[in-house]
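No experiment lies behind these values; they were computed from the predicted model shown. Throughout, a chain's letter reflects where its sequence line sits, starting with A, and its residues are numbered from 1. Any value given below was found using the heavy atoms of this structure, including those in side chains, with hydrogens, waters and symmetry copies removed.
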Amino acid sequence: MTNIHEKLYDFPIADFQSDLIDWFLREKRDLPWRKDQDPYKVWVSEIMLQQTRVDTVIPYFNAFIAKFPSIESLAEANEEEVLKAWEGLGYYSRVRNLQTAVKEVKESYGGIVPNTPEELGKLKGVGPYTKGAILSIAYNIPEPAVDGNVMRVLSRILSIWEDIAKPKSRKLFETAIYELISKEDPSSFNQALMELGALICTPTSPSCLLCPVREHCAAFSEGVQQELPIKSKKKKPKPLQMAAAVLYDENGNYYIHKRPATGLLANLWEHPNTEVNRSYDKNYREQLSDYIKDEFGIEIELTDLKGTVEHVFSHLIWTISIYFGKVKQTPNEKLIKVTKQQLEQHAFPVSHQKITKLYNGDSPPLL
DNA sequence: AATTCGGGGCG
DNA sequence: CGCCCAGAATT
């Protein structure tokens with residue numbers, strides 16, 4: 001059981017703050033969400049940055065803000081358009097929750113992002129980290145914003161050997177931040193800790209010789225910076241065999257399906273597909289055609305196997321066998337007919353973009 | 001407390 | 001190919 005107050009008893013807080021913040025103000029990266037302190041933009045950037053690297057986020061952030069520059073514009077947008085702007089970023093519930101929350105801000109807070117922990121924490125998709133990030137960065141309020149970077153950096157600086165994968169560990173680090181955070185410039189302090197984690201105090205080989213707070217770092221003085229933080233391993237993703245059909249007709253149209261509003265890849269579009277199995281008395285192609293008949297009410301002649309797509313999620317691995325099929329009947333309303341141009345307006349998960357790539361976007365699909 | 005939610009980049 | 005990453009919601 002780690003006692004934070006003991007760890008901080010003779011820690012030089014003021015020196016640590018100034019060394020850290022001076023370095024940040026000198027070395028901080030020029031990122032698009034740092035051009036001003038607009039709470040909406042800070043919010044959007046923090047949601048995008050959840051479990052996602054800065055380099056990945058930059059182009060999405062710029063395009064998203066250009067398309068939805070304000071609370072109002074995002075609140076009024078249709079969800080299809082919002083999901084399209086998020087296409088390829090992953091964790092799609094982030095943006096659906098963001099739009100829900102933005103509508104709440106418009107209706108209940110007059111379009112002003114609230115500046116109290118209580119009100120912010122009630123918004124959909126705003127958890128402990130994002131709440132603290134918005135309060136400190138946009139409103140300069142001294143609240144902790146503890147993410148993976150901060151836990152790694154503080155584990156080393158204070159020599160904390162708790163498992164940072166455990167949910168309760170975050171509270172320990174929040175306790176430390178409440179004591180460490182600069183009351184004069186909480187915004188720079190919180191950003192500096194994350195920036196240090198991203199640029200210097202990296203996971204595998206930290207650049208301690210370049211570190212502005214090296215002289216305050218317990219792990220460095222003990223030579224154990226490579227052994228921290230302690231983080232238990234996640235379990236392996238589970239393999240699933242899938243089969244998907246690229247359905248088209250003689251007029252160059254495609255037939256696509258909208259996924260359910262909950263669960264994996266919620267509300268995204270896809271080529272009709274289903275899980276298949278090998279122990280069954282029918283092959284993948286037959287199982288897929290049975291699914292299409294049951295689900296969409298059409299008999300379809302599928303081609304031989306046209307290719308295989310692999311896609312890895314955090315908890316699943318899809319191996320998708322791809323078939324083509326020419327539609328000759330009218331399916332039910334669960335299957336939507338679109339032109340190639342319309343297809344491109346819909347948000348598809350990356351797994352299905354790989355399928356599109358297989359037939360090179362040709363209509364009808366060649367191969 | 002454990003699981004479910006995506007995707008890309010790196011050694 | 002395993003590991004990591006500016007997490008939150010659900011169970």
task: Could you please name the option among B:dT4, C:dA6, B:dG7 that lies closest to any side-chain atom of A:K235?
output: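 Output: B:dT4.
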- prompt: Choosing from B:dG6, C:dG7, C:dC5, which nucleotide comes nearest the side chain of A:K231?
  reply: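 Given the options B:dG6, C:dG7, C:dC5, the side chain of A:K231 is closest to C:dC5.
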Contact class for [X] vs. all strands (heavy atom < 4.0 Å): base, sugar-phosphate, or nothing?
X: A:S93; result: nothing
X: A:R259; result: nothing
X: A:K124; result: sugar-phosphate
X: A:V126; result: sugar-phosphate
X: A:L89; result: base
X: A:F313; result: sugar-phosphate

Within the pair [X] and [N], is there a side-chain N or O less than 4.0 Å away from OP1 or OP2?
X: A:K166; N: B:dA1; answer: no
X: A:K238; N: B:dC5; answer: no
X: A:H315; N: B:dT4; answer: no
X: A:R152; N: C:dC4; answer: no
X: A:Q51; N: C:dG7; answer: yes
X: A:Y91; N: C:dA9; answer: no

- request: Would you mind checking if A:E81 and A:K67 are paired as a salt bridge, meaning a charged N to carboxylate O distance below 4.0 Å?
  value: yes
message: Any carboxylate oxygen within less than 4.0 angstrom of a Lys/Arg side-chain nitrogen, looking at A:E301 and A:K326?
response: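 Salt bridge flag = no for A:K326 with A:E301.
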- prompt: When you measure from the side chain of A:K334 to the backbone N and O of A:E295, does any donor-acceptor pair fall under 3.5 Å?
  reply: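 Checked: pair present.
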- request: Tell whether A:T130 reaches the base of C:dG7 with its side chain through a donor-acceptor pair below 3.5 angstrom.
  value: no
- request: Decide yes or no, distance alone: a donor-acceptor N/O pair under 3.5 angstrom between the base of B:dG6 and the side-chain of A:T52.
  value: yes
task: Determine the Euclidean distance between corresponding C1' atoms of C:dC4 and B:dG6; express it in Å to zero decimal places.
output: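 Rounded to whole Å, the distance is 14 Å.
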message: Work out how far the P atom of B:dG11 is from that of C:dA6, and round it to whole angstrom.
response: 15 Å
Interatomic spacing from CD in A:Q287 to OG1 in A:T274 - rounded to 0.5 Å: 8.0 Å
- prompt: Aromatic rings A:H346 and A:F348: how do their planes relate, parallel, tilted or perpendicular, breaks at 30° and 60°?
  reply: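 Perpendicular, since the angle between the ring planes exceeds 60°.
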Spacing of [X] atom [atom1] relative to [N] atom [atom2], expressed in whole Å:
X: A:L240; N: B:dC5; atom1: CG; atom2: P; result: 11 Å
X: A:N97; N: C:dA8; atom1: CG; atom2: C1'; result: 8 Å
X: A:W33; N: C:dA6; atom1: CH2; atom2: P; result: 12 Å
X: A:N267; N: B:dC5; atom1: CG; atom2: P; result: 14 Å
X: A:K171; N: B:dA1; atom1: NZ; atom2: P; result: 9 Å
X: A:I47; N: B:dC5; atom1: CD1; atom2: P; result: 19 Å
X: A:M48; N: C:dA8; atom1: CE; atom2: P; result: 16 Å
X: A:K236; N: B:dT3; atom1: NZ; atom2: C1'; result: 18 Å

query: If you find the nucleotide of DNA chain C closest to A:L123 and the one closest to A:L31, which residue's nucleotide is nearer the 5' end?
result: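 That would be A:L31.
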Within the sub-3.5 Å range, which N or O atoms of nucleotides 8-11 of chain B have a protein N or O partner, and how far apart are they?
residue, atom, partner, partner atom, Å
B:dG8, N2, A:R53, NH1, 2.6

statement: When every non-hydrogen atom of A:P114 is compared with those of A:L120, the smallest separation belongs to O-CG, 3.4 Å
Report yes or no: do [X] and [Y] form a side-chain donor-acceptor pair below 3.5 Å?
X: A:S321; Y: A:Q241; answer: yes
X: A:N273; Y: A:Y291; answer: no
X: A:E46; Y: A:W33; answer: no

statement: Contacts of A:L316 and A:K168 projected onto DNA chain B by closest heavy atom; the upstream (5') one is A:K168
